[in-house]
Amino acid sequence: MGDIGDLLSEDDEEEDQDYDFLKKKAVSAFGFDKENVIEADKTRNANDSYLTKTRFDHYPLSPLSLKAIKDAGYETMTVVQEATLPIILKGKDVLAKAKTGTGKTVAFLLPSIEVVVKSPPTSPDNNRPPILALVICPTRELANQAATEANTLLKYHPSIGVQVVIGGTRLGLEQKRMQTNPCQILVATPGRLKDHIENTPGFATRLKGVKVLVLDEADHLLDMGFRKDIERIISAVPKERQTFLFSATVPEEVRQICLVALRRDHEFVNCVHEGTIETHQQVRQMHMIASLDRHFSLLYTLLREHIMDNVDYKVIVFCTTAMVTKLVADLLGELNLNVREIHSRKPQSYRTRVSNEFRKSKGLILVTSDVSARGVDYPDVTLVLQVGLPKDREQYIHRLGRTGRKGKEGEGILLLAPWEEYFLSSLKDLPITKSPLPSIDPETVKKVQKALCHVEMRNKEAAYQAWLGYYNSQKMIGRDKDRLVELANEFSRSMGLDNPPAIPKLILGKMGLKNVPGLRAK
Ligand SMILES: Nc1ncnc2c1ncn2[C@@H]1O[C@H](COP(=O)(O)OP(=O)(O)OP(=O)(O)O)[C@@H](O)[C@H]1O
C-alpha cells in the first residue's frame with residue numbers, strides 16, 4: 001500500500017456504509033424478526049469457563065475427525081462448539097457470538113469437514129473439482145491459522161485437502177496449488193479470493209460447488225472496506241448452501257447486515273449471555289491518560305516493569321497505523337528491548353515468519369497494527385498494550401482478546417491522551433479501571449529521547465503522515481481540522497522533531513487538509 005494507503009486503516013476502510021439503507025433492505029428482504037435467538041447453556045458456564053463437559057463423540061462425527069480431535073488434545077467441547085454443532089448438523093445457518101479465545105475456529109471447521117466427508121467423491125478426470133467449503137478471514141495470518149487448524153482436524157482424512165489464497169503471495173503459485181492438490185476446503189482473504197474469481201480460469205466454476213460458506217470475524221468482514229468483496233463472493237457461491245458467521249462481537253447494526261449472507265430461518269447463538277461482559281473476567285483491564293509528550297517514555301517504563309515482573313513475558317503492543325507501528329518498533333529496538341513488528345508494510349513472508357516465531361516464543365514483544373487485532377491465536381500472551389485510540393469498541397475487545405485465551409489470565413492497558421478520553425464512554429460496561437501513571441525517572445526520559453534521535457527521519461515523517469491520516473478519519477478528532485493539526489504537531493514534537501514534517505500536497509488534498517494552518521506542504 002503506498003503513502004495514501006496509510007491514510008486508511010489497514011484494511012482499506014471505506015466510507016461507512018449507509019446503515020439505514022442497508023438495514024431497511026436487509027430487513028425487508030429477509031424479515032429480521034424470523035431470527036431465532038439461542039442463549040448457550042448458562043448453567044454450564046457459571047464460572048465463565050470456556051470448556052463444557054460434552055465430549056465430541058457425543059455427536060455423529062466422522063471417526064477419523066474424532067481421532068484427529070483426540071490427537072489435538074481437545075477432550076471436551078468449548079461452550080461455542082457445544083452450542084453451535086448440533087444446530088449446524090441439523091443443516092441450519094448460524095450467526096454465533098462467543099468470547100475471544102474460546103474455540104470458534106474448530107466450531108466452524110469441524111462441521112465444514114463433515115459436509116466434505118459426506119459429499120460424493122469427485123471423479124478424478126474432473127479438472128474443475130468443486131470447492132465444497134469456503135472460509136473467509138479478514139487477514140492473511142488468520143487465514144493461515146485457520147488452514148493450519150483445518151489440517152490438524154484433517155490428519156486422518158488424507159483425501160481431503162485445504163488450500164489458502166491470501167494477498168502477498170504469487171497468484172500463479174496459488175493457482176498451481178489449487179489445480180494440483182486436493183482443495184475441497186479453501187481458506188481465503190476477500191481481496192485475493194475476488195482476484196481468483198476474476199482471473200483464475202475455471203475457479204468460478206469450482207465455487208459453484210460450495211456447500212458451506214464461513215465468515216470468520218464476520219462483523220469485521222461486513223462493516224469495513226470488505227463489504228463489496230463479500231457481496232461479490234456471496235454472488236459467486238450457490239444460494240443453496242449453509243452459512244456460518246462467527247465473531248466475538250456482533251454489534252446491533254451488523255446483526256441486520258448479516259442477513260445479506262444468512263437464510264431468514266438462521267439461528268443466532270449467543271454464548272455471551274445477556275448482562276455478562278464481552279471480555280474475560282480473568283483479564284485485568286486498565287487505562288491510563290497522559291499527554292502525548294509522555295507516551296513513549298510511559299510505554300518504555302510499562303514494558304520494563306512488566307518484563308521485570310514476568311520472566312515469561314509475552315507482550316503485544318497495538319499501534320494505530322502501520323507506520324506508527326514501525327516507528328514504535330524502531331524506538332523499542334533502539335532501547336534494546338526484544339521486539340518484532342507486524343504490519344501491512346512488511347512483506348508477507350516476513351509477517352508469516354514473525355507470526356510463527358511469536359506464536360512459539362516467550363520473552364518477546366510484538367509491536368503490531370490491527371492486522372493482528374482479531375483471531376490470531378498466540379498462546380500465553382501476558383500483556384496487551386493499546387497505544388492511542390482504538391478504531392472502535394469492537395477493535396478494543398478483539399485486541400484485548402489476544403490475551404486471556406483458553407481461560408488463561410492476562411492484562412490489558414489502554415494508553416490514551418487526554419483528548420482521547422471520550423473513547424472510554426464506549427467501554428463503560430467493561431471492567432476497565434483507571435490506573436495511576438507509573439513514575440518516570442528523568443533518566444528514562446533522557447534515554448528515550450536519545451533513542452528517538454536514532455530513529456530514521458523518514459520513519460518519523462511516515463509516522464506523522466499516517467498519524468494525521470488516522471486521526472483525520474476519527475470523527476470526534478478529525479472534524480476540527482485546526483485542532484487536529486495542533487494535536488498532530490504535538491505528536492511530531494513527541495518524536496523529538498522541532499518542526500512537523502512536510503506532507504505532499506496530493507496527500508493533504510486527499511485528507512481535506514489543504515491550507516490548514518500549522519501544516520507544511522511539499
Ligand atoms: N475443545 C477444545 N479444547 C481445548 N482447546 C481448544 C478446543 N477448541 C479449540 N481449542 C484451542 O483454543 C484456542 C483458541 O481457539 P480459537 O483461536 O479458535 O479461538 P476464537 O474463539 O476463534 O478466538 P478469537 O475470537 O480471538 O478469534 C486455540 O489454541 C485452539 O486450538
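Both counts, for ligands and for their atoms, begin at 1 and track the order of listing.
- With sequence neighbours excluded, no residue forms a side chain to side chain donor-acceptor pair (under 3.5 Å) with Tyr313.
- Remark: among candidates Gly101, Ala72, Ala146, Gly404, the nearest residue to atom 24 (P) of ligand 1 is Gly101, based on non-hydrogen atoms.
- Set against the non-hydrogen atoms of Thr102, the atoms of ligand 1 under 4.0 Å away are 19 (O), 20 (P), 21 (O).
- Ligand 1 lies nowhere less than 4.0 angstrom from a heavy atom belonging to Ile69.
- Under 4.0 Å from ligand 1, the heavy atoms of Thr76 that appear belong solely to its backbone.
- Using a 30° and 60° split on the angle between ring planes, His220 and Phe226 fall in the perpendicular class, above 60°.
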For a quick test of your reading: what N or O donor-acceptor pairs under 3.5 Å do the side chains of residues 160-167 make, sequence neighbours left out?
residue, atom, partner, partner atom, Å
Gln163, NE2, Pro182, O, 3.2

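- The ligand atoms of ligand 1 that sit less than 4.0 angstrom from a heavy atom of Leu51 are 3 (N).
- Ranking protein heavy atoms by distance to atom 29 (O) of ligand 1, first place goes to Asp377 OD2, 2.6 Å.
- For the 3.5 Å distance criterion, the side chains of Thr352 and Gln348 qualify, holding a donor opposite an acceptor.
- Taking only non-hydrogen atoms, the option from Gly103, Pro379, Ser247, Ala248 nearest to atom 15 (O) of ligand 1 is Gly103.
- When each atom of ligand 1 is checked for a heavy atom of Lys99 under 4.0 Å away, the hits are 21 (O).
- Atoms of ligand 1 lying under 4.0 Å from at least one heavy atom of Glu149, given by number and element, are 30 (C), 31 (O).
- In Lys104, the parts holding a heavy atom less than 4.0 Å from any atom of ligand 1 are both the side chain and the backbone.
- Here is the list of ligand 1 atoms found below 4.0 Å of a heavy atom in Thr105: 16 (P), 17 (O), 18 (O), 22 (O).
- The distance from ligand 1 to the heavy atoms of Glu217 drops below 4.0 Å at these ligand atoms: 27 (O).
- At a 4.0 Å heavy-atom cut-off, ligand 1 does not touch Glu75 at all.
- Nearest-heavy-atom check against atom 26 (O) of ligand 1 across Arg402, His398, Arg374 picks out Arg402.
- Proximity of Phe56 to ligand 1, defined as any heavy-atom pair under 4.0 Å, is confined to the side chain (atoms from C-beta onward).
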